[in-house]
J.: 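Okay, handing you the structure first.
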Amino acid sequence: MRAVPFPGDPPITPQLVRDHHLTDEEYGCIEALLGRAPTFAELGVFSALWSEHCSYKHSRPILKTFPTAGPQVVQGPGENAGVLRLPDGWAVAFKIESHNHPSAVEPYQGAATGVGGILRDVFTMGARPVALLNSLRFGPLEEARNRYLCAGVVRGVGDYGNCVGVPTLGGEVDFGPGYGGNPLVNAMCVGLLREADLITAAARGVGNVLLVVGSRTGRDGIHGASFASEELTHESERRRPQVQVGDPFTEKLLLEASLELIASGHIVAIQDMGAAGLTSSSAEMAARGGVGVEIDLSRVPTREPGMTPYEILLSESQERMLVVAKADRVTDVQAIAAKWELAATPIGRVTDDGLYRATWKEQVVVAIPGQRLIDDCPVYTPVAREDEAIVRLRAAAPPASHLPPPDEVLLQLLDHPAIASKRWVYEQYDSTVQASTVIAPGGDAGVIRVRGAEFGIAVTTDCNSRYVALDPYEGGKAAVAEAARNVACTGARPLGITDCLNFGSPERPAVFYQFREACRGIADACRALETPVTGGNVSFYNESPTGAVAPTPVIGMVGVLARADRAVPSHARTPGDVVLVAGVTRSELGGSALWEALHGFVGGTPPRVDLVAERRLVDLLVAGAERALFRSAHDCSQGGLGVALAEVAMGGPYDETGFGLDVDLSAYGLRLTALDLLFSESHGRAVITAAPERAAAVVALAQELGVPIERVGSVGEQGGAVRVRLRDARVEHPVDRLREVYFSGLPRRMGD
Amino acid sequence: MSRYRVQVRVMPRAALLDPQGQAVEHALHALGFGDVAQVRVGKHLVLEVKAATQEEAVAQARTMCDRLLANPVTEDYELAVEATR
Amino acid sequence: MSRYRVQVRVMPRAALLDPQGQAVEHALHALGFGDVAQVRVGKHLVLEVKAATQEEAVAQARTMCDRLLANPVTEDYELAVEATR
Amino acid sequence: MTRVAVIVFPGSNCDADTLAAAREAGSDAYYVWHRDADLRQADVVVLPGGFSYGDYLRSGAIARFSPIMGAVAAHARAGGPVLGICNGFQILCEAGLLPGGLMRNARLKFLSRPAWVRVESTDTPFTGLYDRGDVLEIPIAHGDGRYVVDERTAAELEASDRVVWRYVRDNPNGSTRDIAGVCNAGRNVVGIMPHPERRNAPILGGQDGARVFYAMEARHATQHAVDVRAVGDRHLRV
Ligand SMILES: Nc1ncnc2c1ncn2[C@@H]1O[C@H](COP(=O)(O)OP(=O)(O)O)[C@@H](O)[C@H]1O
Ligand SMILES: [Mg+2]
């Protein structure tokens with residue numbers, strides 16, 4: 001039976017094809033594949049599945065170069081989430097996803113539904129979500145629009161995760177002019193499961209029944225997937241009524257119902273209806289299982305009357321799941337759904353003819369060879385060429401001008417939006433629900449315990465887009481290295497990553513160059529650190545009329561601590577402790593916060609990542625934590641050693657005060673100027689504090705592992721002064737002054 | 001210049017999901033109000049402005065709604081303006 | 001039985017602090033609407049009921065408000081009921 | 001062992017944490033589904049935190065009509081101990097089992113952070129193992145935590161020693177008289193905004209909340225003259 005148009009469908013014209021973001025060549029492929037012209041509904045299906053967002057048509061060959069194997073990998077890329085092995089039969093499922101375009105149009109709902117989608121990706125693996133993270137980028141907060149976006153996104157992220165009851169354990173927020181027209185909102189979810197309970201999203205078993213579980217289908221976000229593959233213009237502003245509204249309450253019910261369904265054995269597969277809704281979930285499930293499916297669209301419960309097959313196929317209404325139930329268990333599935341006050345409606349079945357078929361009652365409206373629908377999508381290898389302007393910028397230096405003394409610079413940096421405390425953000429996120437939070441936001445990485453087990457899990461997201469913009473290869477490496485350091489500072493061994501690659505249009509050679517090189521850097525770093533890539537997300541076309549965003553490949557990393565109760569916090573805790581600096585400081589101010597804050601200059605050659613040294617530092621941090629040698633450990637990132645020392649002194653976000661610090665750097669980094677020594681952003685470094693009686697063991701361990709280490713001072717009294725002595729300068733501030741500056745930077749700009 | 005009382009009703013757009021309205025509808029059904037339908041939940045704002053004329057007050061109120069009080073992406077609003085004594 | 005449209009306005013009690021109203025007022029001042037005062041923010045609910053008469057519809061709506069839609073400790077409400085065509 | 005019923009509403013999300021905390025304190029804790037009508041011989045009832053019915057309309061407004069709430073009210077009337085934590089507190093207020101109500105935080109934002117509360121009354125089934133004046137560090141995580149009550153009732157609460165916990169250092173949500181928790185006139189129904197179940201073990205940063213749960217067990221222990229056990233830094237006074 002071949003597909004025929006549905007009454008009222010528009011005729012297929014070249015303009016209609018272009019409106020679906022398909023090129024003439026792609027349309028040619030479609031006609032060749034079908035042996036005829038597509039129906040309107042079929043055109044919609046192709047448009048969705050062959051969008052960049054679903055098909056990765058510009059990125060697939062590059063993504064193939066990522067290392068994805070390792071003894072710890074249970075599930076690599078290709079599923080809803082990656083899965084890594086933990087001790088004692090446990091496993092961790094995790095994934096990161098972008099929701100940039102929807103958030104640019106409606107920050108609150110865009111961010112909220114982004115969190116909703118990533119939660120579903122994780123619990124459809126049979127994992128209970130135990131942590132959320134979010135990586136955010138906005139234009140400068142001096143502009144009201146950017147403040148509006150930032151406030152709305154943060155509220156949306158918070159309201160959704162808080163309601164579902166998953167703690168937000170970390171993330172990042174950064175600012176830059178390129179993000180003004182196109183903010184980035186990446187959400188990551190981490191879930192815990194018994195390895196034996198893993199379920200995947202491959203439809204199987206001819207005659208098994210497809211059910212929609214959850215919310216009704218409305219006209220929400222039709223074309224979201226192709227929308228996400230398009231630059232933001234005034235035209236997209238006009239598409240606003242298509243925003244999706246999140247319902248975290250229904251999500252919580254869906255979470256409980258899904259986990260119960262998976263445990264029940266009544267179902268063989270489950271998948272979230274994410275981008276491109278029913279279309280992508282059903283087509284992908286069928287292709288993964290190598291089977292056909294048949295769906296009667298007239299049976300899908302709708303929220304509005306008169307919805308067409310096209311609309312039902314492409315709707316992105318939230319909080320819906322597609323479940324493949326064993327043929328004789330449909331009523332059991334419905335009973336579990338009903339317990340959680342959800343509808344579960346049979347809409348189709350698994351077939352043996354390999355066709356992806358959708359009908360309206362008896363009438364066939366879509367009939368496409370299923371495997372080819374997924375596999376035949378054209379793949380592009382765009383031209384990659386570095387922008388000459390970047391080459392020049394890398395060679396440039398900031399204008400020579402009179403520089404303030406280092407103690408003033410330190411205050412300026414602590415107030416710099418990229419560095420200032422993000423407490424204003426993370427205190428809007430429930431970080432203690434589930435009663436397992438060992439290290440809450442504000443440290444290097446979030447850490448949770450696992451009830452009934454000894455081990456713990458550490459999570460972080462990281463990316464410094466300045467480095468990537470200036471040198472995408474080193475920048476890609478740096479993002480992985482920083483994530484690994486953040487995880488390792490808590491004492492966790494880095495296990496693997498998920499990535500969210502936010503770039504401009506891949507059709508521009510300069511952008512594709514950034515993408516290719518950043519990925520090469522990520523791959524090299526992941527190999528060196530033995531942290532395979534388990535999945536991720538590519539978000540292209542992050543451009544607005546004012547230009548592309550800075551290339552921002554966000555790395556989400558998971559690590560494991562042998563003993564959760566030995567997790568190491570990031571700040572000083574006891575007067576008299578010894579302060580040590582591990583790693584080497586070089587003169588590497590390219591892309592630094594110092595130059596950005598002082599000169600408004602983002603340029604120069606960014607710090608180079610020595611992956612061997614990085615690996616050794618990680619080993620030191622993990623081994624030292626396991627032997628309980630450290631009282632605290634904190635890596636040096638933006639703002640360098642100066643900011644890291646201040647952060648160590650300042651203490652936790654809710655401490656009444658911090659600690660003084662007496663540090664003498666006059667014998668460290670001998671050839672460096674004070675500004676270099678304090679604010680250069682060389683990688684591979686951490687500030688460690690240790691009880692005096694353990695300091696010698698720390699030094700010995702570092703030497704054994706080949707990490708250069710120096711004792712540089714000691715922790716002072718609570719509420720004391722932070723004093724750093726250099727050969728030709730000196731920094732001194734009461735720690736309370738530092739805290740005041742560091743914690744007020746963001747609320748002041750947000751007008752709170 | 002006189003004082004005017006402005007009443008603004010801000011409702012979620014008709015085509016958008018209104019989870020709050022849904023939850024209230026279910027709750028009313030559970031309470032025995034089985035015939036209740038089409039529940040939508042929005043906001044009501046009351047405020048006072050000073051203006052020379054009623055028209056000016058309406059124009060001011062409209063600008064406030066467009067710029068701040070209603071989210072043009074997700075909400076529709078209605079206005080009522082009356083002189084206060 | 002006819003259908004009636006019920007409109008319910010629920011406002012925070014006058015004696016209580018209304019931080020949302022205050023925040024809106026500040027935001028309006030910051031946007032240049034310096035004369036705005038007395039901002040209060042509440043809820044507006046719209047729903048449909050079936051009833052034999054208008055009086056019955058009003059009575060139903062009142063019970064819904066008393067039992068669920070408004071919290072007498074913190075809120076006051078007003079009702080309007082009209083027949084739908 | 002004290003039988004502790006933890007009520008699960010659709011949208012509850014601290015039910016598992018609360019159950020675990022009660023069990024770690026030695027109680028026989030179990031879930032009761034909101035659609036049930038029977039508390040199964042509970043000695044103590046706990047309404048956990050979360051977002052019952054999404055907190056739509058008002059926090060706790062819809063949950064109070066759950067079938068189980070009839071049994072909870074009967075248990076409370078009979079003098080049985082009832083604890084509402086966060087959303088549970090909101091539900092108890094909506095249900096009229098506690099005076100007052102909880103409104104949007106004064107700063108209009110959800111707030112997740114440690115809070116410091118002073119124990120103001122030890123004469124409840126849940127605070128008997130603290131000393132009056134103890135200052136506890138316990139997390140809060142709520143958007144609607146501003147306790148409001150009319151002046152007369154507030155004065156009455158103070159006069160009758162029914163303010164159970166009070167915020168110190170700062171008032172995170174604008175609560176009337178810094179109130180973080182109250183009890184009913186019979187002293188058996190208690191509502192608190194902070195989450196003691198999130199701070200009952202050293203690995204969670206401290207155990208200032210643990211005695212809320214040990215108290216449930218100790219109460220039982222008193223009645224049945226069972227043992228004395230060590231609790232963190234001190235002994236239960238049985
Ligand atoms: N959006 C966010 N959500 C939650 N936590 C955040 C967010 N942004 C920053 N944080 C937290 O603030 C702390 C500092 O973050 P960041 O400035 O990225 O420091 P670092 O350079 O050590 O990575 C971390 O604990 C981080 O998880
Ligand atoms: Mg970070």
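Computation of the quantities below employed the complete heavy-atom set of this structure, encompassing side-chain atoms and omitting hydrogens, waters and symmetry-equivalent molecules. Model, not experiment: these values are computed from the prediction.
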J.: Name all residues meeting the salt bridge (charged side-chain N to carboxylate O under 4.0 Å, His left out) criterion together with D:D123; count only those two or more places apart in sequence or in a different chain, and write none if there are none.
T.: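 With sequence neighbours excluded, D:D123 shows a salt bridge (charged side-chain N to carboxylate O under 4.0 Å, His left out) to D:R187, given in chain and number order.
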J.: Enumerate, including both backbone and side-chain atoms, all donor-acceptor pairs under 3.5 Å from chain D to chain C.
T.:
residue	atom	partner	partner atom	Å
D:L57	O	C:K43	NZ	2.8
D:R58	NH1	C:L68	O	3.0
D:R58	NH1	C:L69	O	3.0
D:R58	NH2	C:L68	O	2.9
D:R64	NH1	C:R67	O	3.2
D:E94	OE2	C:N71	ND2	3.1
D:R146	NH1	C:L17	O	3.4

J.: With only heavy atoms counted, which part of C:L45 is less than 4.5 Å from chain D, the side chain, the backbone, both or neither?
T.: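 When you check distances to chain D, only side chain atoms of C:L45 fall under 4.5 Å.
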J.: Check side chain to side chain donor-acceptor pair (under 3.5 Å) between D:R77 and all other residues, then give those that pass, not counting sequence neighbours.
T.: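 If we apply the side chain to side chain donor-acceptor pair (under 3.5 Å) test to D:R77, skipping adjacent residues, there are no hits.
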J.: So which part of C:L16 gets closer than 4.5 Å to some heavy atom of chain D, the side chain, the backbone, both or neither?
T.: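 Looking at C:L16, just its side chain touches chain D.
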J.: Does anything in residues 110-121 of chain D reach chain C? List residues with heavy atoms under 4.5 Å apart, or say none.
T.: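 If one takes a 4.5 Å heavy-atom cut-off, no residue of residues 110-121 of chain D lies near chain C.
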J.: Counting heavy-atom pairs closer than 4.5 Å to chain C, which one of D:V148, D:L108, D:I62, D:V149 comes out on top?
T.: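 That would be D:L108.
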J.: At their closest point, which heavy atom of C:P19 faces which heavy atom of D:A106, and how far apart are they?
T.: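 What the structure gives for the nearest pair is CB-O, 3.3 Å.
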J.: Flag the one option from C:A70, C:P72, C:A23, C:A15 with the top tally of heavy-atom pairs under 4.5 Å to chain D.
T.: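 When all of C:A70, C:P72, C:A23, C:A15 are compared, C:A70 has the most.
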